[in-house]
Participant: 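So that we are looking at the same thing, I have put the structure below in structure tokens.
Everything quoted here is computed from the prediction, not taken from an experiment. Ligands are counted one by one from 1 in listed order, and the atoms in each one are counted from 1 as well.
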Amino acid sequence: MTVLVAYGTTGGSTAEIAGWIAEELSAAGLEVRLLAAGAVDDVAGYDALVLGASMYASGWHADARKFAKRFAGRFADRPVWLFSSGPLDHTADDAGLPPNHQAEMAMRSLQAREHVTFGGRLTAEAHGWLGFVARRMEREGHSGDFRNPERIRAWAREVAAEIALTHRQT
Ligand SMILES: Cc1cc2nc3c(=O)[nH]c(=O)nc-3n(C[C@H](O)[C@H](O)[C@H](O)COP(=O)(O)O)c2cc1C
């Protein structure tokens with residue numbers, strides 16, 4: 001059983017979330033390939049997919065969006081889970097936020113079973129234009145790391161259990 005964990009990231013925090021998910025799937029005995037969504041050129045050979053994206057301006061990261069377009073319909077017979085990462089507060093943990101429009105479109109293209117939203121991270125250490133925005137947001141009190149590794153890892157363990165169940169049923 002090989003699972004592809006792919007992600008779209010600009011500042012690296014969604015890549016790190018994908019890494020935590022990959023660790024849990026590996027610990028559950030699954031083979032895992034962890035790749036930037038833009039670096040995936042073939043999806044044959046995977047039994048399941050987890051695709052995650054950071055959110056910018058109410059959209060989904062372009063790499064994940066393009067992935068969903070490129071491989072639309074290719075996962076009809078394989079389970080798919082999506083996650084978004086973004087909110088710079090605790091709403092993702094408190095309220096179970098729905099997918100934004102672009103994530104919803106990706107859900108349809110990839111026939112995903114589920115979508116979940118995790119908190120994001122934006123800190124003043126960010127580089128380039130992101131660092132510029134982050135430092136301004138920090139001054140306004142809107143920066144920080146709102147990711148919740150325990151929640152993310154628990155979700156990944158549920159995904160691993162569902163993959164095992166799906167495999168037993170086929
Ligand atoms: C310019 C800008 C716009 C953003 N827009 C959103 C948004 O619309 N919704 C949201 O939840 N988070 C938004 N965020 C927060 C990012 O999604 C968050 O920092 C995320 O963790 C970044 O992930 P990455 O490091 O993988 O790129 C925005 C951040 C920046 C800098």
Side-chain angles (χ1 to χ4, degrees), residues 3-26 32-41 43 46 48-71 80-110 112-160:
V3 184
L4 172 63
V5 179
Y7 54 87
T9 189
T10 297
S13 70
T14 307
E16 205 176 3
I17 291 174
W20 297 335
I21 291 168
E23 278 175 16
E24 293 298 330
L25 298 179
S26 298
V32 181
R33 293 255 4 235
L34 176 63
L35 289 171
V40 178
D41 43 34
V43 292
Y46 297 115
L49 166 71
V50 178
L51 173 66
S54 46
M55 293 191 275
Y56 285 95
S58 302
W60 233 37
H61 195 284
D63 290 352
R65 228 165 52 221
K66 286 182 200 157
F67 179 105
K69 217 168 163 182
R70 232 168 338 131
F71 300 116
V80 175
W81 287 264
L82 305 186
F83 73 89
S84 302
S85 167
L88 299 171
D89 55 28
H90 294 290
T91 50
D93 285 353
D94 296 345
L97 298 177
N100 64 32
H101 179 62
Q102 291 178 349
E104 231 173 47
M105 288 193 355
M107 280 190 87
R108 276 202 289 277
S109 306
L110 298 170
R113 286 189 175 190
E114 190 191 352
H115 166 277
V116 64
T117 304
F118 298 128
R121 178 195 70 187
L122 184 67
T123 58
E125 291 82 50
H127 300 290
W129 69 269
L130 213 48
F132 178 77
V133 176
R135 284 185 285 280
R136 200 186 63 211
M137 286 177 78
E138 188 171 63
R139 282 196 296 278
E140 293 165 359
H142 298 302
S143 66
D145 190 346
F146 295 92
R147 297 170 305 163
N148 177 343
E150 284 76 35
R151 178 173 168 238
I152 293 163
R153 286 180 181 280
W155 180 76
R157 287 193 294 272
E158 281 172 26
V159 168

Participant: Polar contacts were defined as any N/O atom of the residue lying under 3.5 Å from an N/O atom of the ligand; does this apply to A15 and ligand 1?
Facilitator: no
Participant: Tell me: protein heavy atom nearest atom 11 (O) of ligand 1, and distance?
Facilitator: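 Closest protein heavy atom to atom 11 (O) of ligand 1: P87 N, 3.1 Å.
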Participant: May I ask which of G86, G144, S58, G11 has a heavy atom nearer to atom 7 (C) of ligand 1 than the others do?
Facilitator: S58
Participant: Under a 3.5 Å threshold, yes or no: a donor from one side chain and an acceptor from the other, between H61 and T9?
Facilitator: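 No.
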Participant: Should you measure from each heavy atom of V133, which atoms of ligand 1 turn up under 4.0 Å away?
Facilitator: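 Those of ligand 1 that fall under 4.0 Å from V133 are 31 (C).
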Participant: Of all the non-hydrogen atoms in the protein, which one sits nearest to atom 1 (C) of ligand 1, and at what distance?
Facilitator: W129 CZ3, 4.0 Å
Participant: Pairs of nitrogen or oxygen atoms closer than 3.5 Å, one from A57 and one from ligand 1: do any exist?
Facilitator: yes
Participant: Where is the tightest heavy-atom contact between S143 and L122, given as atom of each residue plus distance?
Facilitator: CB-O, 3.1 Å
Participant: Under 4.0 Å from a heavy atom of G120: which atoms of ligand 1 are those, numbered in the order shown and with their elements?
Facilitator: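 Answer, ordered by atom number: 21 (O).
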Participant: With distance as the sole test, does T123 use its side chain to make a donor-acceptor pair with the main-chain N or O of G144 at under 3.5 Å?
Facilitator: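 The answer is no, because no donor-acceptor pair under 3.5 Å joins these two groups.
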Participant: Using a 3.5 Å distance criterion without hydrogens, assess whether the side chain of R65 forms a donor-acceptor pair with backbone atoms of M105.
Facilitator: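 No, the answer is negative, given that no donor and acceptor are paired below the 3.5 Å cut-off.
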Participant: Might you point out which heavy atoms bring R70 and A37 nearest each other, and give the distance in Å?
Facilitator: NH2-O, 3.4 Å
Participant: List every atom of ligand 1 that sits less than 4.0 Å from any heavy atom of S54, numbering the atoms from 1 in the order shown and giving each element.
Facilitator: 22 (C), 23 (O), 24 (P), 26 (O), 27 (O)
Participant: Between F118 and F83, how do the two ring planes meet: parallel, tilted or perpendicular, split at 30° and 60°?
Facilitator: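 It falls in the tilted class, 30° to 60°.
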Participant: Quick one: which ligand 1 atoms are inside 4.0 Å of a heavy atom on T10?
Facilitator: 24 (P), 26 (O), 27 (O)
Participant: Under 6.0 Å from the CZ atom of R33, do we count more than 12 heavy atoms belonging to anything else shown?
Facilitator: no
Participant: Where is the nearest protein heavy atom to atom 19 (O) of ligand 1: which residue, which atom, and how far?
Facilitator: R121 O, 2.8 Å
Participant: For ligand 1, does N100 get within less than 4.0 Å through its side chain, its backbone, both, or neither, judged by non-hydrogen atoms?
Facilitator: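 It is neither; nothing of N100 touches ligand 1.
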Participant: Within ligand 1, which atoms have a heavy atom of L130 less than 4.0 Å away?
Facilitator: 31 (C)
Participant: For S85, take its heavy atoms, then give the atoms of ligand 1 lying under 4.0 Å from any of them.
Facilitator: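 Ligand 1 atoms under the 4.0 Å threshold to S85: 17 (O), 21 (O).
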Participant: Quick check against the 3.5 Å criterion: does R147 have a side-chain atom that pairs as donor or acceptor with the backbone of E16?
Facilitator: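 Absent.
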Participant: Starting from atom 25 (O) of ligand 1, locate the nearest protein heavy atom and write down its residue, its atom name and how far away it is, to 0.1 Å.
Facilitator: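 Heavy-atom neighbour on the protein nearest atom 25 (O) of ligand 1: S13 OG, 2.9 Å.
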Participant: Measure from atom 13 (C) of ligand 1 to every heavy atom in R147, M137, R136, M55 and give the option owning the shortest one.
Facilitator: M55
Participant: Nearest protein heavy-atom contact for atom 2 (C) of ligand 1: which residue, which atom, what distance?
Facilitator: Y56 CD2, 3.7 Å
Participant: By the definition side-chain contact (heavy atoms from CB on, under 4.5 Å), identify the one residue from E114, E104, H115 that meets it with L82.
Facilitator: H115
Participant: Are the side chain of Q102 and the backbone of W60 linked by a donor-acceptor contact shorter than 3.5 Å?
Facilitator: yes
